[in-house]
Amino acid sequence: MSALHTIIRRFGRFAKSRRLQLSAGIISVSAFVVFWHCFAWLLEYWDLSLQEYVPFPIEVFEVLVYSFVHEVPGMDLSMGVMALASLKRVVIGFTLALIVAFPLGLLMASFRFVNYLGDPIIEMFRPIPPVAWIPVLLVMLSVLWGPVAVVFLGAFFPILLNVMFGVKRTDQTLIDAAKTLGARRIDIFTKVVIPSTAPYLMTGVKVGLGISWMCIVAAEMLPVLGGGVGNALWTSAQQFSRFDVTFACMIVIGLMSILTTGLAEQVERRLYRWMGME
Amino acid sequence: MDGDGVMISLLNLSKTFSDDKHTVEAIDGFSLDIQQGEIVCLLGPSGCGKTTVLRMIAGLESKSSGSMKVRGKSVTSAGSDRGLVFQEFALFPWRTVRKNIEFGLELKTMPVEKRHEISSKFIELVGLTGFENVHPGKLSGGMKQRVGIARALANNPAVLLMDEPFGSLDAQTRNLMQKELLRIWSATGKTILFVTHSVDEAVFLADRIVVMTARPGKVKEAIPIGIPRPRDRTSSEFISVRGEVLSVLEAEFEKTQIRELSGD
Ligand SMILES: Nc1ncnc2c1ncn2[C@@H]1O[C@H](COP(=O)(O)OP(=O)(O)OP(=O)(O)O)[C@@H](O)[C@H]1O
Ligand SMILES: [Mg+2]
């Protein structure tokens with residue numbers, strides 16, 4: 001009886017440990033790769049002429065490593081250079097969105113008049129998916145700045161709406177407390193409203209970053225000066241039927257998205273620690 | 001200061017809340033004078049308008065009619081001459097203890113050294129030395145309210161308004177904080193208007209207990225408490241005064257209950 005208890009307790013502790021989480025993760029990812037391999041192998045075995053679309057995992061891995069510094073097969077740029085080009089566009093578009101949406105969100109949620117002016121326009125543009133802007137933006141701004149503008153639109157609304165929501169959720173008792181301590185409207189805005197919006201801003205930032213990567217892939221499908229992973233993704237499949245390259249591009253985009261989100265989470269943690277809100 | 005020593009003067013004060021559908025008469029014909037340096041405890045049935053009176057004096061709520069003066073000046077808006085202490089503490093979570101206490105001083109654009117000097121003084125007064133750089137999230141309820149009191153006092157207000165400040169604390173902490181408040185009061189000589197639900201707390205603290213009627217609230221009875229300090233809760237004098245206050249209050253409670261039962 002007590003032996004059973006010990007086992008259950010041990011297992012309970014193990015189940016909560018980080019080691020279990022890590023091992024479970026490794027097991028499920030390996031299982032997926034094995035499944036993928038078997039699937040590719042079966043397609044080849046049955047010879048349904050589908051095999052060219054599903055490369056073996058090892059092939060994708062090889063082309064990923066090879067093309068990171070060498071030219072991507074069929075293209076004159078390396079994956080590293082193109083990844084950097086895409087990253088640059090995302091960073092520029094996202095940063096511009098942040099610079100505009102954060103103050104605008106604060107103002108719109110704080111001043112009724114600004115809200116009356118801005119709200120109809122926001123509501124008019126918000127339902128339009130950012131990728132619907134691709135044709136006009138690419139033609140208008142050329143393929144160089146078009147993708148940046150699409151990223152801007154994609155990141156803009158999540159940041160704006162989250163900030164506005166955050167301002168509205170400011171604790172009224174904190175505002176009252178500030179008033180009784182002698183705060184004027186501007187003090188309340190800078191010393192109470194803005195700090196208490198921080199967690200909502202960070203939510204907007206994380207959502208906005210995710211959408212930025214969706215946007216960049218779609219917006220780079222046309223040939224773009226300086227290259228881009230989105231473009232490599234499309235050309236490798238459509239022109240060269242190099243699906244190993246296509247999958248490699250998908251992995252690169254996923255990794256970059258993880259990277260930027262991880263960075264945002266790091267910033268968020270630091271911000272909370274600094275603000276004492278761990 | 002005014003020659004007659006009246007700090008707060010409320011005359012025929014009334015307050016009606018109204019939105020599209022409802023109007024609520026919270027306060028009607030509330031009159032009360034509070035002397036400088038006095039501790040007045042406001043007691044009354046739930047929803048009788050205690051918080052409303054306090055918020056009106058603080059300038060967070062406008063009056064519907066009547067007159068409301070602090071140091072002879074009509075109250076029109078919130079200001080740092082009236083400090084408010086909240087039941088839910090209302091500390092800025094992103095500011096450390098020191099930064100919370102210095103909030104009002106920052107607004108006065110006081111130089112950093114002066115600010116530091118004042119905040120240090122009040123940190124010591126409320127017994128938070130050693131916790132200057134801790135954020136409120138890491139403090140116990142009692143300590144949070146010490147910060148709340150120090151923050152209000154750092155502004156050097158003429159009056160301290162306290163809305164059930166110890167209402168969310170456990171019994172031990174609560175008793176300790178009452179003693180602490182009296183210590184701080186004798187050190188600063190502030191006028192204190194203190195809202196509470198606890199008759200025991202009111203009898204322990206007050207120079208005068210003001211019992212309010214059920215809504216719309218006005219003064220039902222003002223009971224001077226002459227027991228010398230420090231007061232002993234177990235003394236026969238304390239117990240008899242508490243009984244007296246309780247009976248005044250209970251009559252009012254019954255009225256609210258009857259009204260609720262009859263569906264008003
Ligand atoms: N902003 C408001 N809008 C509408 N009605 C309100 C508002 N604030 C208070 N009231 C009403 O006014 C009455 C008095 O409220 P108040 O909070 O002052 O009572 P209280 O004596 O502090 O009650 P409690 O003992 O529960 O704290 C209540 O009926 C309440 O519903
Ligand atoms: Mg109340």
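Convention: sequence-line order gives letters A, B, ...; per-chain numbering from 1.
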Does atom NZ of B:Lys73 have more than 12 heavy-atom neighbours, drawn from other residues, nucleotides or ligands, at distances under 6.0 Å?
no
Report, as yes or no, whether the 6.0 Å neighbourhood of atom NZ on B:Lys108 holds more than 12 heavy atoms from other residues, nucleotides or ligands.
yes
So which residue, A:Val192, A:Leu181, A:Asp171, ends up with the most heavy-atom pairs under 4.5 Å with chain B?
A:Leu181
B:Leu91, part contacting chain A, at a heavy-atom distance under 4.5 Å:
backbone
Rounded to the nearest 0.5 Å, how far apart are CG of A:Leu174 and CZ of B:Phe103?
9.0 Å
Using only non-hydrogen atoms and a strict under-4.5 angstrom cutoff, which residues of residues 50-60 of chain B touch chain A?
B:Arg55, B:Ala58, B:Leu60
CD (B:Glu124) with more than 12 external heavy atoms under 6.0 Å:
no
Closest non-hydrogen atoms of B:Arg151 and A:Ala177, given as atom of the first, atom of the second and distance, are NH2-CB, 3.6 Å
Residue pair B:Pro157 / A:Thr180, side-chain heavy-atom distance below 4.5 Å:
no
Do the non-hydrogen side-chain atoms of B:Trp94 and A:Ser196 ever get within less than 4.5 Å of each other?
yes
Can you tell me if CZ on A:Arg184 sees more than 12 non-hydrogen neighbours from other groups inside 6.0 Å?
no
If you count heavy-atom pairs under 4.5 Å with chain B, which of A:Pro195, A:Ala183, A:Ala178 comes out on top?
A:Pro195
Are there over 12 heavy-atom neighbours, none belonging to A:Trp145, within less than 6.0 Å of that residue's CH2?
no
